[in-house]
Amino acid sequence: MKSNDIRQFMRQAAAVKPSARQLDWFDKAFYAFIHFGINTFTDSEWGKGDEPETLFAPRQLDCDQWVAAIKSAGMKGMILTAKHHDGFCLWPSKYTQHSVKNASIKRDVVGEAADACRRGGIAFGFYLSPWDRNSSLYGSEAYNDYFCNQLTELLTEYGDIFCVWFDNACGEGADGKKQIYDFPRYIELVRKYQPGAVIFNDYGPDVRWCGNEAGRARYAEWAVVPAELCHYGKIQTGEGPMAQEGNLSFLYNTCENLGSLDNILYSKGLTFTPAEIDMSIRPGWFWHEHEEPHSLERLFHTYLDSVGGNCCLNLNVPPDRNGKIDERDVRRLHELGQLIEKELGNVLLSHIEQTPSGSPTQPGYVIDLKQENPDIRYVVLQEDITRGQRVESFQILGETEDGNHYPFYQGTTIGNRKICQLVSPFAEQHPLIPNIQGKLRKLIVQITSARDEVFMKNIEIF
């Protein structure tokens, strides 16, 4: 293997670009998941599919209240569970009796949620579970027709959709049969009727699962990943220089280094498929009266690691049996929105220049601070990902009045957005060492490794 082969492949990897719909998705940054259905009324997480439709009785259903709570946290969209694994449909589907048309409260929840989102100025999407424990067709090819019919209803009857969310849950149907999902056909329908919508799935094409449901982000998150994982995505490169010497059959969403160089060298080709961080505001995905929302600290930390880690955050907020967001969750969402605004709402004045002596793959940026003794807590970095994700590592140094440089942050990938929470280099040193935070004169962002020439879109300090 020749070194220039690796260099050529790294340049190809650096040029893998997002689609327009993926860029729009990144701009959403933070949106809500709404798990609501039969499980809300049976106090369960996974229904069996045989629950009576009359159990569904949200007598104070108020989707405008959902939207107000979501917006108070700064979220820009909502994804509703139109159908979970139990098969109960929150819209009056023509293709099943197991829906709101036979419920105690006969209201089109999908329609009301979509209308509330439009009134509130946020985007609307839906989750349609491929697994259906109610349908007698499940486990046969006829089920794919059934699923596509329901998918078409949702794609054509509820206005613009920003995200169609599919998981890969696949249980046994009648006689132990498992369904073979026709995802290429599902994807084709979405592209036909909602070409601007991103599609979430373990394997792409647009957005992939981060590998957990606890809100935990990777230490280094690449949107450029091997097609061996995201095989529904568009391949944008040739094969890696070591592709004939091994394989990536071990890859799964739970792997920590999906897009790192040691993996992609063995790939048959790379796709642009970023990760979504998804978690619930409380332990369960559906509402349970005894549960409390997670602490404000945990939710804010998750926000920093996801929205600030080249991902988007999909935070589940489950309505209660009345059809409203629990007041405990409403308060926590409001607190979260206030904290995000307090910490990241006001950009500090600065003057930023690129250092003239840096190489294209190791540029430096000097941030002259316009305030005396500023209390700097965060530096937010953004690559121009329309030209690809390129940075592999960087550091942030502080220059004090005496000309000394101190490391305040060491990072790996940047991508769409990296929120760097600065830490004093003396935080774990002797307590008599003075605090230098108020004596900073400049900050220096130094890219230490990149796959090709670096193009920064934005640098902001808070």
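No side-chain donor-acceptor contact under 3.5 Å links Arg390 to the backbone of Ala450. Checking side-chain atoms of Gln236 against main-chain N and O of Leu270 turns up no donor-acceptor pair under 3.5 Å. Proximity of a side-chain donor or acceptor of Gln12 to a complementary backbone N or O of Gly238 within less than 3.5 Å is detected.
Exactly one of Val380, Leu369, Leu422 qualifies for a side-chain contact (heavy atoms from CB on, under 4.5 Å) with Ile461. That residue is Leu369. Of the residues listed (Phe126, Trp287, Trp66, Trp285), the one engaging Phe36 in a ring-ring contact (aromatic ring centres under 6.0 Å, His included) is Trp66, and it is the only one.
The side-chain heavy atoms of Gln150 and Cys89, taken from C-beta on, include a pair separated by under 4.5 Å. Put simply, the side chain of Leu333 reaches to within 4.5 Å of the side chain of Leu315, judged on heavy atoms. Looking at heavy atoms from C-beta onward, Asn310 lies out of side-chain contact with Pro274 at the 4.5 angstrom threshold. For the pair Glu213 and Met279, the minimum side-chain heavy-atom distance is 4.5 Å or more. Contact check for Tyr252 versus Asp202: side-chain heavy atoms found under the 4.5 Å cut-off. Counting only heavy atoms from C-beta outward, the side chains of Asp278 and Asn316 never approach each other to under 4.5 Å. Using a 4.5 Å heavy-atom cutoff, the side chains of Asp368 and Glu353 are not in contact. Counting only heavy atoms from C-beta outward, the side chains of Val454 and Tyr365 approach each other to under 4.5 Å.
Nearest heavy atoms, Arg451 versus Leu261: NH2-N, 3.9 Å. Annotation for Cys230 and Val225: closest pair SG-CG2, 3.9 Å, computed over non-hydrogen atoms. Closest non-hydrogen pair, Leu90 versus Gly37, comes out as CD2-CA, 4.2 Å. Minimum interatomic distance between Thr40 and His35 (heavy atoms only, all atoms of both residues): OG1-O, 4.4 Å. Annotation for Tyr219 and Thr412: closest pair O-OG1, 3.0 Å, computed over non-hydrogen atoms.
Glu157 and Trp91 form no side-chain donor-acceptor contact under 3.5 Å, judged by distance and modelled atom types alone. For the residue pair Trp25 and Asp206, no side-chain donor N or O sits within less than 3.5 Å of a side-chain acceptor on the partner. Using a 3.5 Å distance cut-off with no hydrogens or angles, the side chains of Glu276 and Tyr31 do pair a donor with an acceptor.
How far CG of Leu381 is from SG of Cys420: 4.5 Å, rounded to the nearest 0.5 Å. Note that OG of Ser306 and CZ of Phe30 are 7.5 Å apart. Values are rounded to the nearest 0.5 Å. The CD atom of Glu221 sits 11.0 Å away from the CG atom of Asn257 when rounded to the nearest 0.5 Å. Rounded to the nearest 0.5 Å, atoms CD (Glu112) and SG (Cys117) are 12.0 Å apart. Rounded to the nearest 0.5 angstrom, Phe162 CZ and Lys76 NZ are separated by 11.5 Å. Rounded to the nearest 0.5 Å, atoms CE (Met10) and CD (Glu392) are 5.5 Å apart.
Aromatic ring centres of Phe183 and Tyr203 lie farther apart than the 6.0 Å criterion allows.
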Please determine whether side-chain contact (heavy atoms from CB on, under 4.5 Å) holds for the pair Met456 and Gln354, giving the CA-CA distance in whole Å, both sets of side-chain angles, and the decisive distance to 0.1 Å.
CA-CA 10 Å; Met456 292 299 293; Gln354 185 171 344; over 6 Å; no

Evaluate side chain to side chain donor-acceptor pair (under 3.5 Å) for His288 paired with Glu45, printing each intermediate quantity in order.
CA-CA 9 Å; His288 307 288; Glu45 287 289 301; 2.6 Å; yes

Asn168 and Tyr181: CA distance, side-chain angles, deciding distance, side chain to side chain donor-acceptor pair (under 3.5 Å) verdict
CA-CA 9 Å; Asn168 286 70; Tyr181 300 136; over 6 Å; no

For Thr237 and Ile264: C-alpha separation, side-chain torsions, deciding distance, then whether side-chain contact (heavy atoms from CB on, under 4.5 Å) applies.
CA-CA 11 Å; Thr237 71; Ile264 67 173; over 6 Å; no

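The pair Glu399-Arg441 meets the salt-bridge criterion, with a side-chain N (NZ, NE, NH1 or NH2) lying under 4.0 Å from an Asp/Glu carboxylate O. Salt-bridge annotation for Arg387 and Asp452: absent, with no side-chain N of the basic residue lying under 4.0 Å from a carboxylate O of the acidic one. Ionic pairing of Arg332 and Asp329 is not present here: no N-O contact between side-chain nitrogen and carboxylate oxygen is shorter than 4.0 angstrom.
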